[in-house]
Amino acid sequence: MNIAVIGAGALGCLFGGRLTESGHDVYLLHYRQAYVDHLNEAGLTIESENDEKTDIAVTATTDANEIGVADLVIVFVKSHQTRDALAEHAACIGPETDLLSLQNGLRHYDRLLDIADEDHSFAGVTYQGAVVEEPGYIRVTSSGSSTFGGANDGGLHRIEEILVEAGFPVELVDDPRPYIWAKQLVSLPIKPLAALTHLSNGELIETPETRTLMKEIVAEAEYVAEHHGVDIPMDDPMAEVVATCEESYSHYSSMLQDIRAKRKTEIDDVNGAIVDIAREEDVDVPINELATNLVRALEKSYLD
Ligand SMILES: NC(=O)C1=CN([C@@H]2O[C@H](COP(=O)(O)OP(=O)(O)OC[C@H]3O[C@@H](n4cnc5c(N)ncnc54)[C@H](OP(=O)(O)O)[C@@H]3O)[C@@H](O)[C@H]2O)C=CC1
Ligand SMILES: CC(C)(CO)C(=O)C(=O)O
């Protein structure tokens with residue numbers, strides 16, 4: 001299959017690298033020529049959770065015209081980079097191209113549906129985790145499954161087959177939205193509070209002040225989901241938050257890592273999206289709004 005991966009970062013290199021190894025014609029798309037040259041010359045090294053290292057020769061490019069029309073485009077830029085990246089690399093997307101996004105945030109499925117029809121848009125979540133240790137060196141941090149869905153069964157099974165062959169556990173669902181919300185419901189209280197307090201996930205849940213705020217963030221989001229007609233496949237979201245924080249006790253959330261590295265965070269698509277949807281539904285979410293505004297203000301202190 002001719003596959004383009006938009007965003008050659010942590011997950012883009014992991015998925016792109018393993019799909020290359022599996023025998024597909026994969027192109028990793030990035031906007032920085034020096035980085036693309038490095039990937040083409042040095043290839044990728046993927047370090048698995050049990051410290052096994054695999055070297056993979058890959059093809060990277062800044063120019064989607066080099067790819068032609070891809071059979072499948074996988075989007076792995078950060079959520080706020082999606083619109084621009086899809087426009088920049090539009091040359092590899094034709095009317096028959098399947099699009100897949102497993103990004104975080106609440107809006108990635110809609111962004112695909114803005115540019116492709118329902119039969120070619122597939123989205124969901126992944127519990128696969130990875131970090132870029134250095135350019136071209138990707139360390140896998142977790143090997144959870146990827147749950148995604150869409151309207152076209154044939155397309156879904158095509159994508160399932162190639163991901164499973166490449167070693168990724170997959171679960172298919174008819175409608176991915178409830179699963180997208182379920183994952184975000186667990187992230188919503190952790191990410192902004194970690195970013196604002198610099199506490200680890202375990203410390204956040206142990207600290208009475210943040211634990212109370214976390215409960216309120218989750219309760220607000222559940223209320224928004226209910227008004228928005230989303231039936232979240234999770235009995236007790238706050239219990240999931242507690243379990244996640246306990247399991248990842250010493251982990252510093254990705255949003256805190258973004259703040260520390262002075263990068264733009266995904267706040268707009270996480271708590272910011274809850275605030276926007278709450279407005280549409282005429283529901284108040286004061287704690288999500290405060291958390292969103294504080295993270296945006298923090299970003300402003302170092303961006304521009
Ligand atoms: N990493 C993980 O473990 C997980 C990540 N996710 C989600 O997956 C998505 C991707 O995450 P992750 O891989 O960590 O992110 P990364 O930041 O590691 O990768 C994104 C890459 O895309 C590049 N990029 C930005 N704009 C463009 C563009 N216009 N064209 C091509 N490339 C571009 C970025 O460059 P630059 O850095 O210069 O901006 C970066 O190299 C996010 O939504 C994240 O929340 C979900 C589950 C786990
Ligand atoms: C919120 C959670 C648990 C994963 O979504 C996290 O810690 C992170 O984003 O790094």
Side-chain angles (χ1 to χ4, degrees), residues 4-17 27-36 38-39 49 60-64 73-90 92 100-108 111 123-133 135-136 138-148 180 182-195 199-205 214 217 240-259 261-271:
V5 179
I6 301 185
L11 286 195
C13 285
L14 174 63
F15 278 73
Y27 295 83
L28 299 174
L29 277 159
H30 202 271
Y31 61 88
R32 219 175 315 117
Q33 190 59 50
Y35 180 57
V36 159
H38 177 76
L39 292 179
E49 278 187 289
T61 180
T62 56
D63 181 5
V73 168
I74 309 180
V75 185
F76 267 136
V77 290
K78 288 286 174 69
S79 53
H80 51 270
Q81 300 166 332
T82 309
R83 249 198 205 107
D84 287 350
L86 283 169
E88 186 181 331
H89 305 299
C92 65
L100 172 69
S101 168
L102 303 173
Q103 293 162 284
N104 279 323
L106 286 169
R107 295 175 163 129
H108 51 287
R111 292 209 175 99
V125 295
T126 185
Y127 291 90
Q128 196 76 50
V131 289
V132 179
E133 290 290 356
I138 311 301
R139 184 168 55 81
V140 177
T141 54
S142 57
S143 304
S145 68
S146 300
T147 301
F148 56 92
I180 290 172
K183 185 175 186 204
Q184 293 315 301
L185 217 59
V186 176
S187 299
L188 281 161
I190 302 174
K191 290 186 175 190
L193 294 181
L199 294 176
S200 75
N201 289 358
E203 290 164 340
L204 278 174
I205 207 71
M214 291 166 98
I217 288 176
E240 294 284 340
V241 172
V242 174
T244 301
C245 286
E246 286 172 353
E247 277 160 25
S248 59
Y249 191 96
S250 317
H251 173 69
Y252 291 100
S253 171
S254 51
M255 195 169 285
L256 172 54
Q257 292 176 40
D258 285 339
I259 293 286
K262 298 193 178 338
R263 290 187 293 256
K264 184 161 169 51
T265 73
E266 293 188 296
I267 191 73
D268 292 347
D269 281 73
V270 184
N271 304 76

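Quick caveat: nothing in here was measured; it's all calculated off a predicted structure. Start at 1 with the first residue, then count along the sequence. Atoms within each ligand, like the ligands themselves, are counted from 1 in listed order.
If you take NZ on Lys78 and CG on Asp258, they are separated by 4.0 Å, rounding to the nearest 0.5 Å. Interatomic distance, Leu28 CG to Ile74 CD1, rounded to the nearest 0.5 Å: 10.0 Å. Note that the CE atom of Met214 and the CG atom of Leu193 stand 6.0 Å from one another [nearest 0.5 Å].
The part of Leu29 lying near ligand 1 is the backbone, judged by heavy-atom distances below 4.0 Å. The proximity of His251 to ligand 2, defined as any non-hydrogen pair under 4.0 Å, is limited to the side chain. With a 4.0 Å cut-off on non-hydrogen atoms, Glu88 touches ligand 1 through its side chain and not its backbone. Residue-level proximity to ligand 1 for Gln81 is carried by the side chain, the only part with a heavy atom below 4.0 angstrom. Under 4.0 angstrom from ligand 2, there are no non-hydrogen atoms of Met255.
Residues His108 and Thr82 have side chains not in contact (no heavy-atom distance under 4.5 Å, counting atoms from C-beta outward). In this structure, Lys191 and Asn104 have side chains that are in contact, with non-hydrogen atoms separated by less than 4.5 Å. Two residues are said to be in side-chain contact when any heavy atoms from C-beta on lie closer than 4.5 Å; Leu29 and Thr61 meet this criterion.
Between the side chain of Glu246 and the main chain of Gly202, no donor-acceptor pair closer than 3.5 Å is present. In this structure, the side chain of Ser146 does not engage the main chain of Gly124 through any donor-acceptor pair within 3.5 Å. Checked by atom type and distance alone, the side chain of Thr265 never pairs as donor or acceptor with a backbone atom of Met255 at under 3.5 Å. Thr141 places a side-chain N or O within donor-acceptor distance of the main-chain N or O of Ala130, the cut-off being under 3.5 Å. Proximity of a side-chain donor or acceptor of Tyr31 to a complementary backbone N or O of Glu88 within less than 3.5 Å is not detected.
Backbone and side-chain nitrogen or oxygen atoms of Ser254 are examined, and one is located within less than 3.5 angstrom of a nitrogen or oxygen of ligand 2. For Thr141, no nitrogen or oxygen atom sits less than 3.5 Å from a nitrogen or oxygen atom of ligand 1, counting backbone and side chain alike. Residue His30 has at least one N or O atom closer than 3.5 Å to an N or O atom of ligand 1. For ligand 1, none of its N or O atoms has an N or O atom of Asp84 under 3.5 Å away. Remark: ligand 2 and Lys183 share no N or O pair separated by less than 3.5 Å (distance only, no angle test).
Considering Ala130, Gly105, Ala10, Ser187 only, the shortest heavy-atom separation from atom 2 (C) of ligand 1 involves Ala130. Taking only non-hydrogen atoms, the option from Glu266, Arg32, Arg263 nearest to atom 44 (C) of ligand 1 is Glu266. Nearest residue to atom 4 (C) of ligand 1 from Asn104, Asp258, Leu11 is Leu11 (criterion: closest heavy atom).
Counting only heavy atoms of the protein, atom 9 (C) of ligand 1 lies nearest to Val77 O, 3.6 Å. Ranking protein heavy atoms by distance to atom 10 (C) of ligand 1, first place goes to Phe76 O, 3.5 Å. Summary of contacts: the protein heavy atom closest to atom 27 (C) of ligand 1 is Tyr31 CD2, 3.4 Å. In terms of protein heavy-atom proximity, atom 11 (O) of ligand 1 is nearest to Lys78 CE, 3.9 Å. The protein atom (non-hydrogen) at minimum distance from atom 32 (N) of ligand 1 is Gly7 CA, 3.5 Å.
Against a heavy-atom cut-off of under 4.0 Å, Thr126 is close to the following atoms of ligand 1: 47 (C). In summary, the atoms of ligand 1 found under 4.0 Å from a heavy atom of Ala85, numbered by their order in the structure, are 28 (C), 29 (N). Below 4.0 Å from some heavy atom of Ser253 lie the following atoms of ligand 2, by number and element: 6 (C), 7 (O), 8 (C), 9 (O), 10 (O). Atoms of ligand 2 found under 4.0 Å from any heavy atom of Thr244 (numbered from 1 in listed order, with element): 3 (C). Every atom of ligand 1 with a heavy atom of Gly129 under 4.0 Å away is listed here by number and element: 3 (O). Atoms of ligand 2 found under 4.0 Å from any heavy atom of Asn201 (numbered from 1 in listed order, with element): 3 (C), 7 (O). Taking every heavy atom of His89 and a limit of under 4.0 angstrom, the matching atoms of ligand 1 come to 28 (C), 30 (N), 31 (C). Applying the 4.0 Å criterion to heavy atoms of Ser187 picks out, from ligand 2, the atoms 1 (C), 5 (O).
Side-chain contact of Thr62 with Gln33: a donor-acceptor pair under 3.5 Å is present, judged by distance alone.
Residue-ligand proximity: His108 is placed with every non-hydrogen atom at 4.0 Å or more from ligand 1. Heavy atoms of Lys183 approach ligand 1 to within less than 4.0 angstrom.
Listed here is the closest heavy atom pair of Ile180 and Ala123: CD1-CB, 4.4 Å. Across all non-hydrogen atoms, the minimal contact from Val270 to Gly105 is CG2-CA, 4.4 Å. The minimum heavy-atom distance between Ile6 and His89, with the atom names listed, is CG2-CD2, 3.6 Å.
No option in Val125, Asp269, Thr126, Val77 other than Val77 meets the side chain to side chain contact (heavy atoms under 4.5 Å, CB included) test with Gln103.
Distances from atom 2 (C) of ligand 2 to the protein include no heavy-atom value under 4.0 Å.
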